[in-house]
Amino acid sequence: MRLLQTQKVTKYFGGLCALKEVSFNLEQGEVMGLIGPNGAGKTTLINIISGAFHPSQGKVVYHGRDISRLKAHQINVLGIARTFQVVRIFKRLTVLENVLTAMVDRSKEGPWKLVWGSFFKRVCAFKQDPEACATAEGLLASVGLLRYRDEQAENLPYAMAKRLEIARALATRPKLLLLDEPSSGLNPAEQNEQIKIIRQINEQGVTILIIEHVMKVIMDISHRLIVLHYGEKIAEGTPKEVYSDPLVVEAYLGGEAHA
Amino acid sequence: MESLFLQQVVNGLIVGSVYSLIAVGLTMIFGVMRISNFAHGDFSMVGAYIAVFLLAWVPGWMGWVGSLLAAAAGVGLLGILVERGVFRPLLTRWTDLDQIMVSIGLFILMENLAQLFFGATPRTLSDPFGGVTVNMGLVSTSAMRLLCFAMAMVIIIVLEVYLNRARMGVAIQATAQNRTAAQLMGININLIYAVTFALGSALAGLGGVLYGTLFAIYPTMGAIPTLKAFVVTILGGMGNIRGAIFSGFILGVAETLGGTYISMEYKHAIGFVIIILVLLIIPNGLFGRSEK
Amino acid sequence: MLKVDNITVAYGKAKALHGVTLTVEQGEMVTLLGSNGAGKSTLLKTISGLLKPRQGGISFLGQQINNLPPHKIVELGVVQAPEGREVFPSLSVRDNLRMGAFTRRDEKAVARDLQFVFDLFPRLAERRDQAAGTLSGGEAQMLAIARALLADPKLLMLDEPSLGLAPLVREDIFHVVQQIYQERRVTILLVEQNAKWALGVASRAYIMENGRIVMEDLGSKLAENEHVQRAYLGY
Amino acid sequence: MTGGSKKLLWAFGAALALALPWLISDRYIQHLLVTSLIFVIFASSWNLLTGYAGQFNLGHAAFFGIGAYASALLALKLGVPPWIGLFLGGLLAAAAGFLLGIPSLRLSGPYLAITTIGFAEILRLVAMNWVQLTRGSLGLYGIPPLPGFWGLEFTSELTFYYVALAGAALALFCFRRLTRSEFGLSLQALREDEPGAESIGVDTNRFKLTVFTISAFFGGFSGALLAHYQRLISPDLLSLHETFQALTMTIIGGLGTLTGPVVGAVLLTFLSEGLRFVEDAVKIDVRLIIYGALLIVTILFMRGGIVGLWERLSAGRGRDQEEG
């Protein structure tokens, strides 16, 4: 079943064309890798799907609905969560609080309802709600962060901070997870852990779109790949197909064609 | 009617030249160091008091020009000390909030130290021309105010030449545009920071002498030049020197015209109304680049 | 000439380099290859003094430089030409070049070098009074290289000079880099993504992966190596 | 600390707060107690907005002044009972807070700071110049006191103390609830990282408007309390210095903590009075100099203020005990 579709998505920054008519489909349950050299527009594409930017032309269709004009928080509520290339965890909150914050059901509760809830809900201190805490702890356990439960997020080692960001994204109960370089800055052992975690998430039925430079990671976990180069999609297919594509080799290695 | 209008425009330009001068210092410091210094106007206050004391000692002409030099040197030196002692330690770790709040601490401190040392009584600078007015057809103004305007213009031009011609001046601009690249060119950015802060403070000090020539001098006067300089700086795009120069004149003229034709009482609100409108419509200021 | 000895570098908590060792001898052109995020630019930044290694040391001509501030390192003759996007956009081309010569006092020699780069890059000579921000990508890259040359480097480090350029412009840049190497006899450390070209011109090459040096050999040998392809494409 | 001893401490604290004015018969010190309680509310409301939600508001005095003028004018001109006026003043300030929240949707850092200052300064000029309504710089005088009931009156320092105490307790109760709930966590997420907060579904714009409104309500409420206590108010209430007062108290006490502004407000009110004796001796005004110096020192050397320092010390002690 088709979960997400981009239709000729184009993005200009000033005069600069960062993405040019990028179209692809994302099927429910798959892991799609997004690769390409620096500046190819990968993060821009994720920013557009997640609503941080709006496309200049083209649209993003999710569950048959055009979401390209929605704001980031609305898109999250619809079931698309993301992580960031440079981690954006809430540094001065504890690890548990980071996850709890994301668990609030935003589809029902606007700020004023939450204000009301501060006074009239059974549990006034969210941290003391046993049910919510149990769910959050389950999420933390699934990414191996449970022992850091009450640590300030800013004290986490980098690899753990990256995992916390994933746990936080999962806490919003997404159907589609966008991962922007989840393994950058990690050592090989940590990367292996990361692969395991991502695979587990996918096995639980979450569709994943992942940007990654660490080839081992992307080869291991993606079912399909798309390759961006200067904002254009130059290849799409299984990892094997993509890597035997001469266009891709040219984009990555720089060809002799012009020499 | 027409001559009143022209007269007010001239008055506005004179006041505006002083605003420009003070704001240029603020915008330079912001451009290079990303510091929004809420104590900037207090540097002007110190400059004004330097003039008060120097003119009491050497009256007339010499005293006035001498106090410009003394204010530039004295406030510049004060700037170096403040940069070293207060802002430098925060440079590597501050957030916008920390940095603005530390400058607010400085504002409270300087204002009240001034009260302690100089007393609360307002002072004025004596006019070395003895109140001679210059008549220029439709408009007239005192020789003193004209000299103020001329001085502000000379200082601004000298600064422009320095920033665009001198090796150090160009390095200041380069650092403002790209810190990393500046370091890779062998520019010692800590030195640039010190020079910029000293220069920016010296401009505030000079502006303070001119401001004190036009208005009364008292220990808590610093808040007004600070706020005006921020209005001008935002209007011109923060970090944009030429923007600040033009916006200074715009604010000066808008205030005097608004004071004449709209309401004297709300004269000081005009700047705020302008920037609130500008920020809501064009967040980068009138002369800001639309990059983000 | 340059010796990077087992350095470890981190951005906050993210380790970017894990025990990197590398040497450059006088008169060599050495290239450093690796995919995005492998740590190449981090290594250059550390050599230039913008980042401080957590462990290990860096020496240049026998002098320890890893504790010096960036401007001192430039004074010693280790100069980096960053990507073309890192020019001073509101300054004119000429002022950009002047900033390149910031550490030098010998006006005559600077004037000579200015003439040299204008001969090398006639396009820059034409645009000397234009603001650098108005240059095309290729021109900005040329300016970044020219600016570094004006610092009279003993060791010139080039950070991905072909990045984001159209193929024809890329050829120009490659040509100029070779010309600089031959005519100025300056030692070059070249960071590139364009492996085929870089391996063709460099005497030696290093390959980085995940913040580590994984291979080192003569350029010509690496060009034949199957593993080089792997470093990029990962099978 | 165990739950039992915590409760005991609370009970002791509450008893002390209730008994305090009876222990101290000096009316001047009672007056200081009342003032510091009003500032507890004012500083805490600024803290909710800036410390918890990260919205840098330097125009908070506007809310203080709106609350004070609104409640006073309603009582003077329309005869609205001051007890209702306290809340109406808060509500009017809340409406202004909503308005001031709008620029925060697009601006941050120095831009927001100047815009908020501008807002307060414009209102101060209105208070100065709308003489028919506000009597200008003379200020409003003869503001009716809070009417008494059940044989109680609220005109003396002693009795007003209990009104201020109740007000502060109510406000702190609300702040405690608000900050420890899902709402509070969302605010902190907004403070820590806006794109991050958006990515988990926080509608940052609506949260900003909401927190501006709530913070302004309590700012206005504290101003209204002050009006019916002093029974004389002037446009100075809207000046930058009032905002800076709240800011200094909060930072020195501990930004983004519940107790920080309480500690800061009480400490600085009494510290400055303590210094009055020094001033009488040396004949100079040193209080605000100390304020400014303390503010700088806190930011440079003591991040987290007094509360942060205390937490670090007690955490350090806890560790020592574990190890020893």
Side-chain angles (χ1 to χ4, degrees), chain B residues 30 34-39 82 85-87 89-90 93-117 120 220 223-224 226-227 230-231 233-234 238 263-276 278-281 283-285, chain D residues 50-51 54-56 58-59 100 102-103 105-126 128-131 136 191 239-241 243-245 247-248 250-252 255-256 284-301 303:
Chain B
F30 182 84
R34 304 281 135 186
I35 290 174
S36 323
N37 183 12
F38 277 81
V82 165
V86 179
F87 289 109
L90 277 176
R93 61 153 216 232
W94 63 33
T95 60
D96 266 3
L97 230 70
D98 274 343
Q99 175 271 304
I100 292 176
M101 287 186 299
V102 95
S103 77
I104 288 173
L106 201 61
F107 167 88
I108 301 174
L109 186 67
M110 286 179 72
E111 189 172 283
N112 290 288
L113 279 175
Q115 209 130 5
L116 173 63
F117 289 125
T220 55
I224 296 173
T226 294
L227 293 180
F230 266 103
V231 168
T233 298
I234 288 180
M238 292 192 75
S263 150
M264 198 59 208
E265 287 79 21
Y266 291 100
K267 194 174 127 182
H268 289 296
I270 286 167
F272 289 120
V273 172
I274 295 175
I275 58 155
I276 289 173
V278 166
L279 283 175
L280 288 178
I281 300 159
N284 290 305
Chain D
T50 304
Q55 302 306 304
F56 198 28
L58 284 184
L100 190 56
I102 293 171
L105 305 183
R106 287 181 64 172
L107 308 173
S108 64
Y111 297 93
L112 184 59
I114 289 295
T115 308
T116 49
I117 288 180
F119 179 75
E121 278 292 295
I122 291 170
L123 283 178
R124 188 178 66 86
L125 289 172
V126 171
M128 289 272 285
N129 295 310
W130 195 350
V131 178
R191 170 192 74 195
S239 74
L240 201 51
H241 288 91
T243 303
F244 285 175
Q245 185 109 335
L247 176 146
T248 310
T250 308
I251 307 272
I252 291 174
L255 184 71
I284 48 176
D285 185 5
V286 295
R287 292 178 300 155
L288 288 166
I289 297 173
I290 304 266
Y291 266 47
L294 272 178
L295 183 54
I296 295 173
V297 167
T298 307
I299 294 165
L300 287 182
F301 305 110
R303 277 169 75 84

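All of these numbers come straight from a predicted model, not from anything done at the bench. These values consider heavy atoms only, across backbone and side chains, with no hydrogens, waters or symmetry-generated copies. So you know, we letter chains A, B, ... as the sequences are listed, proteins then strands, and number each from 1.
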(message) I want to check something: taking the side chain as every heavy atom from C-beta on, are B/Ile276 and D/Pro103 in contact at a cut-off of under 4.5 Å?
(response) no
(request) Heavy-atom pairs under 4.5 Å with chain B are the metric here; pick the option from D/Ile102, D/Leu295, D/Thr298 that has the most. (result) D/Leu295
(request) Tell me, with the steps shown, if D/His241 and B/Glu111 meet side-chain contact (heavy atoms from CB on, under 4.5 Å). (result) CA-CA 11 Å; D/His241 288 91; B/Glu111 189 172 283; 2.7 Å; yes
(request) Enter the distance from D/Thr248:OG1 to B/Ile104:CD1 here, rounded to the nearest 0.5 Å. (result) 8.0 Å
(message) Is any side-chain heavy atom of D/Arg303 closer than 4.5 Å to one of B/Asp98?
(response) yes
(message) Does any backbone or side-chain atom of D/Leu247 lie under 4.5 Å from a heavy atom of chain B? Answer side chain, backbone, both or neither.
(response) side chain
(request) Examine whether an atom of B/Ile275 lies under 4.5 Å from a heavy atom of chain D, and if so say whether it belongs to the side chain, the backbone or both; otherwise answer neither. (result) side chain
(request) Taking all heavy atoms of D/Phe244 and all of B/Ile108, pick out the closest pair and write down the distance. (result) CB-CD1, 4.1 Å
(request) Side chain from CB out, backbone as N, CA, C, O: work out which of these in D/Val126 comes under 4.5 Å of a heavy atom of chain B, or both, or neither. (result) both
(request) Using non-hydrogen atoms and a 4.5 Å limit, figure out which bit of D/Ile299 sits close to chain B: side chain, backbone, both or neither. (result) both
(request) Can you see which heavy atom on B/Leu109 is nearest to which on D/Ile289, and at what distance? (result) CD1-O, 3.3 Å
(request) Among D/Ile251, D/Thr250, D/Ile296, find the one that has a side-chain contact (heavy atoms from CB on, under 4.5 Å) with B/Met101. (result) D/Ile251
(request) Keeping to residues at least two apart or across chains, list the salt bridge (charged side-chain N to carboxylate O under 4.0 Å, His left out) pairs with something in residues 266-276 of chain B. (result) none
(message) Is D/Leu105 close to chain B through its backbone or its side chain, or both, or neither, when contacts mean heavy atoms under 4.5 Å?
(response) neither
Which pairs of donor and acceptor atoms, one on a side chain in residues 112-122 of chain D, lie under 3.5 Å apart (sequence neighbours left out)?
residue	atom	partner	partner atom	Å
D/Thr115	OG1	D/Tyr111	O	2.7
D/Thr116	OG1	D/Leu58	N	3.0
D/Thr116	OG1	D/Leu112	O	2.9
D/Thr116	OG1	D/Ala113	O	2.7
D/Glu121	OE1	D/Arg124	NH2	3.2
D/Glu121	OE2	D/Arg124	NE	3.2

(message) Ignoring hydrogens, what is the shortest heavy-atom contact between D/Leu125 and B/Glu265? Give both atom names and the distance.
(response) CD2-O, 4.1 Å
